[in-house]
Amino acid sequence: MKQFELRFLDRADSVVRTQVVVLQDDLDALSEAERRAGSYTVEIFDGVRKVARVKKGNASLNSTDRLGG
């Protein structure tokens, strides 16, 4: 099991809330973020490593979205 931090972002990509979850792996963390991305964009972190970004409503990512940053 691993500890992941979910960061919930507003429209300006400012963090409005964080939550620590303990899950099996990156795929479980991604699934959890997809489930929670109804009202906010959610970024998943494993320590300092950004695992993924799930847009509000699980909308498709596009060329202006980026993993780094």
Side-chain angles (χ1 to χ4, degrees):
M1 300 298 271
K2 294 175 71 173
Q3 185 171 302
F4 295 90
E5 181 180 23
L6 303 180
R7 297 180 185 175
F8 298 83
L9 310 175
D10 64 12
R11 291 179 190 206
D13 283 343
S14 296
V15 176
V16 295
R17 178 169 61 110
T18 62
Q19 185 168 12
V20 174
V21 294
V22 177
L23 300 163
Q24 187 67 32
D25 55 24
D26 289 0
L27 290 176
D28 284 345
L30 179 58
S31 180
E32 185 68 15
E34 288 173 343
R35 189 176 70 75
R36 295 175 183 232
S39 300
Y40 296 98
T41 293
V42 180
E43 291 183 337
I44 308 160
F45 282 83
D46 174 13
V48 297
R49 179 178 68 96
K50 186 186 287 186
V51 176
R53 177 184 177 103
V54 179
K55 289 173 72 172
K56 178 179 175 179
N58 202 14
S60 298
L61 297 174
N62 58 46
S63 62
T64 62
D65 298 309
R66 55 188 208 140
L67 188 59

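In this chain, residues are counted from 1 in sequence order.
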- Query: Quick one: are Glu43 and Lys50 in side-chain contact, heavy atoms under 4.5 Å?
  - Reply: yes
- Heavy-atom distance under 4.5 Å between the side chains of Gln19 and Phe8, does that happen here? yes
Shortest non-hydrogen contact between [X] and [Y], atoms and distance:
X     : Y     : result
Ala29 : Leu23 : CA-CD1, 3.5 Å
Asp46 : Gln3  : OD1-O, 4.0 Å
Val42 : Arg36 : CG2-O, 4.1 Å

[atom2] on [Y] to [atom1] on [X], rounded to 0.5 Å:
X     : Y     : atom1 : atom2 : value
Ile44 : Glu5  : CD1   : CD    : 11.5 Å
Asp10 : Ser39 : CG    : OG    : 12.5 Å
Leu30 : Arg35 : CG    : CZ    : 13.0 Å
Phe4  : Asp26 : CZ    : CG    : 4.5 Å

- Query: Taking a hydrophobic cluster as the set of Ile, Leu, Val, Met, Phe, Trp and Tyr residues connected by side-chain heavy atoms closer than 4.5 Å, whether directly or through intermediates, do Tyr40 and Val15 fall within one such cluster?
  - Reply: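 Different hydrophobic clusters.
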- Message: Starting from Leu6, can I reach Leu9 by hopping between I/L/V/M/F/W/Y residues whose side chains sit under 4.5 Å apart?
- Response: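 Different clusters: Leu9 never reaches Leu6 through Ile, Leu, Val, Met, Phe, Trp or Tyr contacts under 4.5 Å.
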- Task: Determine whether more than 12 heavy atoms belonging to other residues, nucleotides or ligands lie under 6.0 Å from atom CZ of Arg49.
- Result: yes
- Query: Counting distance only, does the side-chain N/O of Lys55 pair as donor-acceptor with the main-chain N or O of Ser60 below 3.5 Å?
  - Reply: yes
- Item | Charged tip of Arg7 within 45° of Phe45 ring normal and under 6.0 Å |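 Pair Arg7/Phe45 counts as cation-pi.
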- Would you sort out whether Asp13 and Arg53 count as a salt bridge (charged side-chain N to carboxylate O under 4.0 Å, His left out), showing the intermediate values? CA-CA 11 Å; Asp13 283 343; Arg53 177 184 177 103; 2.9 Å; yes
